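Below you'll find the structure, written out as C-alpha cells, and then a few comments.
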Amino acid sequence: MSLFDLPTIADGLPAAWRSTVLGKVGASNIKLLRMDQMPYGEEVHDYDEALLVVSGQMMLEVAGQALCVEAGQMYMAEAGVPHAVLSGSQGILVIVDL
C-alpha cells in the first residue's frame, strides 16, 4: 500500500491541467491534477469519470448547465455526456477513469 501526499504531488506537477497517474485499480486509472483558474475545454469520453475535488472548487458545465463542485464533493461524469471546466476552478482534483 502506498501513501500519497496529494498537495505535494500537485505542487510538483509541471503545469496545471496536466494529470499524473497515481495508480490503477483494475482497468481504472487514478489521476491527480492541479486546477489554475483557467477553463478546460469541453470533452466527451466513452467511459464514466469520477471527479473528486480535494481542495478548492471546480466550476463545471455539463450538457449546457453550470454547477459548482466544492472540496470534499465528487461529480460522476457519465460516458457520452459533454462536460467542460469553467473559469474560476482552482485547487486539486482526483480523476478516476471508470
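Worth saying up front: this structure is predicted, and the values here are computed from it rather than measured.
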Fill in: With sequence neighbours excluded, residues passing side chain to side chain donor-acceptor pair (under 3.5 Å) with Q90
none

Discussion item. Using the rule that Ile, Leu, Val, Met, Phe, Trp and Tyr join whenever any side-chain heavy atoms are under 4.5 Å apart, tell me whether Y40 and L67 fall into a single cluster.
Written reply: yes

Fill in: Closest approach of Q57 to C68 (non-hydrogen atoms, all atoms of both residues)
OE1-SG, 3.5 Å

Discussion item. Could you walk me through whether V69 and L51 satisfy the side-chain contact (heavy atoms from CB on, under 4.5 Å) test, starting with their C-alpha distance in whole Å, then the side-chain angles of each, then the deciding distance to 0.1 Å, before giving a yes or no?
Written reply: CA-CA 9 Å; V69 184; L51 305 170; over 6 Å; no

Worksheet, complete the sentence: The complete set of salt bridge (charged side-chain N to carboxylate O under 4.0 Å, His left out) pairs with one or both residues in residues 63-83, sequence neighbours excluded, reads none

Worksheet, complete the sentence: Sequence neighbours excluded, the answer for side chain to side chain donor-acceptor pair (under 3.5 Å) partners of D48 is none

Worksheet item: Among the clusters formed by ILVMFWY side chains lying less than 4.5 Å apart, do V62 and V85 turn up in the same one?
Response: yes

Practice prompt. Could you note down all residue pairs passing salt bridge (charged side-chain N to carboxylate O under 4.0 Å, His left out) where residues 52-68 supplies at least one of them, sequence neighbours left out?
Written response: none

Discussion item. By the ring pair (Phe, Tyr, Trp, His ring centres under 6.0 Å) test, which pairs, at least two apart or in different chains, include something from residues 63-97?
Written reply: H45-H83

Practice prompt. Scan residues 82-92 for pairs that pass salt bridge (charged side-chain N to carboxylate O under 4.0 Å, His left out), counting only residues two or more places apart or in two chains.
Written response: none

Item to complete: Specify the closest pair of heavy atoms between G41 and A84, including all atoms of both residues, with the distance to one decimal.
Response: C-CB, 4.0 Å

Worksheet entry | side-chain hydrogen bond (donor to acceptor under 3.5 Å, both in side chains) contacts touching residues 11-20 (sequence neighbours left out) | W17-D36

Worksheet item: So which heavy atom on S87 is nearest to which on P39, and how close?
Response: OG-CD, 3.5 Å

Fill in: Check: S89 side chain, M59 main-chain N or O, donor-acceptor pair, under 3.5 Å
yes

Worksheet item: Any link between V81 and L60 through a network of hydrophobic side chains (Ile, Leu, Val, Met, Phe, Trp, Tyr) touching at under 4.5 Å?
Response: yes

Discussion item. My understanding is that only residues two or more places apart in sequence, or in another chain, count here; which of them pass salt bridge (charged side-chain N to carboxylate O under 4.0 Å, His left out) with D97?
Written reply: K31

Fill in: Residues clustering with L52 (ILVMFWY side chains joined when closer than 4.5 Å, directly or via others)
F4, L6, I9, L22, V25, I30, L32, V54, M74, M76, I92, V94, V96, L98

Worksheet item: side chain to side chain donor-acceptor pair (under 3.5 Å) with T8: which residues, sequence neighbours excluded?
Response: D5

